[in-house]
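The basis for the numbers below is simple: all heavy atoms, side chains too, and nothing from hydrogens, waters or symmetry mates. A, B, ... follow the sequence lines: proteins, then strands. Residue 1 opens every chain.
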Protein chains: 2
Amino acid sequence: MPTHCKACENTDSATKTLTDRGVRLTVLRRDVLQELHHAKQPLGAYDLFDNLKSAGKASAPPAVYRVLDFLVEQGLAHKLRSLSAYAACCLGPHAHQAIFLICRSCGTVNECDIAAPKSLTDTAKSTGFRIEDITIEAMGTCRSCTEAPN
Amino acid sequence: MPTHCKACENTDSATKTLTDRGVRLTVLRRDVLQELHHAKQPLGAYDLFDNLKSAGKASAPPAVYRVLDFLVEQGLAHKLRSLSAYAACCLGPHAHQAIFLICRSCGTVNECDIAAPKSLTDTAKSTGFRIEDITIEAMGTCRSCTEAPN
DNA sequence: ATATCATGGTTATATTATAACCTTAGAGGG
DNA sequence: CCCTCTAAGGTTATAATATAACCATGATAT
C-alpha cells in the first residue's frame, strides 16, 4: 500500500476533523471510517461487521451500528436508505444536504452537494414543518452501465 | 360506517383506476389498499399483515409484500424508506414524483406533488445518469407537534 | 486516586424482507 | 363448455437488517 492513498488521506482528514471537534476518535471508529473510504460502493452494516470481524477488530453487530450512527451524526458518513447501506461522505465533514445518484447496475454512488429543492423548503415553511433531515436518493443507471450493459 | 367515507372513496377511485388499466384487482389487493387509505399514518408491512391476519384475510408476510410491491408499481402507494413503511398515495394514480414531510413526533406524513429539484435532474443529465426512481423524504416536526409538544 | 461517563463487549432477540416451491382460480382459445 | 395457460396467492423456511438490555473497560477531570 503506497503512502499516497486517496482514501487514507480522506480518512486522515476526517479524523482530524473529529479531533478538532474534541470528539473522541477511537480505533474502532477509525477502522470503520477507513473501510468506508476504501470501499468502491456503499457497504451494509454486516459487510462492515464481517470485514472487521475477520480482522479481529469488531465483536458484534451493535458495535458497528453504534459507530455508524456516530459517523452519520458527525457528518462523516451517510446512510443510503434505498440500499440499507453506508458510504463515507466525500464532500467535507460539515453538515450538508447531500443527494445521491445510485446506479442499480454497478452499485456506484455519486454524492452531489446540491441544496434541497426550493419547492420543498417552501412547502415546509408554509405548513410550519421544521425539517431536521432530508433524504434525497435517485436510483437509476449510470452512463457507463448504460453504454456497456453487462 | 357511513356511506361517505373519504378513505373508502379514495379506495374506490384507485380501484377504478386499476380496472381501467385492465389490471386485476383482487380481494387481497383491495383490502391492503383500503387499510392504507384508512390509516392515519404509514403502516409497516407487518402492521398490515397482523391486521389482515386477524381478519382472516392474509396468510403470511410474502402475500402482503407482493401486494405492496404491486401497489407501489401501480402508483397507488408509496414506500417511505425512512420509516420502512407504506402509505396510500393521496395524489392520484398517475406516476409522479412525490415528496414526503414526515413528522417524527406524531408520525403523520404530508405528501407533496413537487417536481424533482432541477439541480438533481441537471446533474443526472450532465453525467449521463438515467434516473428511474427518486426518493425524497424530509424528517422533522410538524407545526402542531412544535406548538403542542407531548 | 477515584468518581464519572463515554465507549465498546456480549447475548439475545426484534423487525423487515425474500427465496423457493406448490396450489388455486381467472381469462381466453378452441 | 372445457381445457390450458398464467397470474395470483398460499406455505414454509430463512435471510438480512437493526436494536434492547445489561455489563466491562478505560479515558477524563477534579
_So, using ring-ring contact (aromatic ring centres under 6.0 Å, His included) as the criterion, who are the partners of Phe129(B) when residues are at least two apart?_
none
*Can you tell me how far the CD1 atom of Ile134(A) sits from the CD atom of Glu137(B), to the nearest 0.5 Å?*
11.0 Å
*Spacing of NZ belonging to Lys6(A) relative to NE2 belonging to His37(A), to within rounding of 0.5 Å*: 10.0 Å
*At how many degrees, to 10°, do the end axes of the helix from dA1(C)-dT30(D) to dG30(C)-dC1(D) meet when each uses five pairs?*
30°
*So does Tyr65(B) get a side-chain nitrogen or oxygen closer than 4.0 Å to the phosphate oxygens (OP1/OP2) of dA17(C)?*
yes
*Do the side-chain N or O atoms of Lys53(A) get closer than 4.0 angstrom to the phosphate oxygens (OP1, OP2) of dG9(C)?*
no
For atom [atom1] of [X] and atom [atom2] of [N], their distance in whole Å:
X        : N       : atom1 : atom2 : value
Leu80(A) : dT17(D) : CG    : P     : 13 Å
Asp47(A) : dA18(D) : CG    : C1'   : 14 Å
Phe70(A) : dT7(C)  : CZ    : P     : 7 Å
Arg30(B) : dG9(D)  : CZ    : C1'   : 19 Å
Asp31(A) : dG9(C)  : CG    : P     : 11 Å
Arg24(A) : dG8(C)  : CZ    : P     : 8 Å
Leu68(A) : dG8(C)  : CG    : C1'   : 14 Å
Leu25(B) : dG26(C) : CG    : P     : 13 Å

*asked:* I'd like to know if Arg66(A) reaches the base of dG9(C) with its side chain, counting only an N/O donor and acceptor under 3.5 Å.
replied: yes
*Checking all strands, does Tyr86(B) fall into the base, sugar-phosphate, or nothing category for heavy-atom contacts under 4.0 angstrom?*
sugar-phosphate
*Which is true for Lys57(A) with a 4.0 Å heavy-atom rule: it touches a base, it touches only sugar-phosphate, or it touches nothing?*
nothing
*Select from Leu83(B) and Val23(A) the residue whose nearest nucleotide in DNA chain C is closer to the 5' end of that strand.*
Val23(A)
*asked:* Strictly below 4.0 Å, N to O, side chains only: are Lys16(A) and Asp20(A) in salt-bridge contact?
replied: yes
With side chains defined as the heavy atoms from C-beta onward, is the minimum distance between [X] and [Y] less than 4.5 Å?
X         : Y         : result
Asp133(A) : Arg104(B) : yes
Thr108(A) : Lys40(A)  : no
Thr15(A)  : Arg30(A)  : yes
Leu33(B)  : Leu25(B)  : no

*Measure from the side chain of Thr26(B), starting at C-beta and using heavy atoms only, and say which of dA8(D), dT7(C), dA17(C) lies closest.*
dA8(D)
*Among dA18(D), dG9(D), dG9(C), which is the nearest nucleotide to the side chain of Ser84(A)?*
dA18(D)
Contacts under 3.5 Å, N or O only, protein and nucleotides 11-13 of chain C:
none

*Evaluate side-chain contact (heavy atoms from CB on, under 4.5 Å) for Cys142(B) paired with Asn110(B), printing each intermediate quantity in order.*
CA-CA 9 Å; Cys142(B) 71; Asn110(B) 182 359; over 6 Å; no
*Between Lys53(A) (side chain) and Ser59(A) (backbone), is there a donor-acceptor pair under 3.5 Å?*
yes
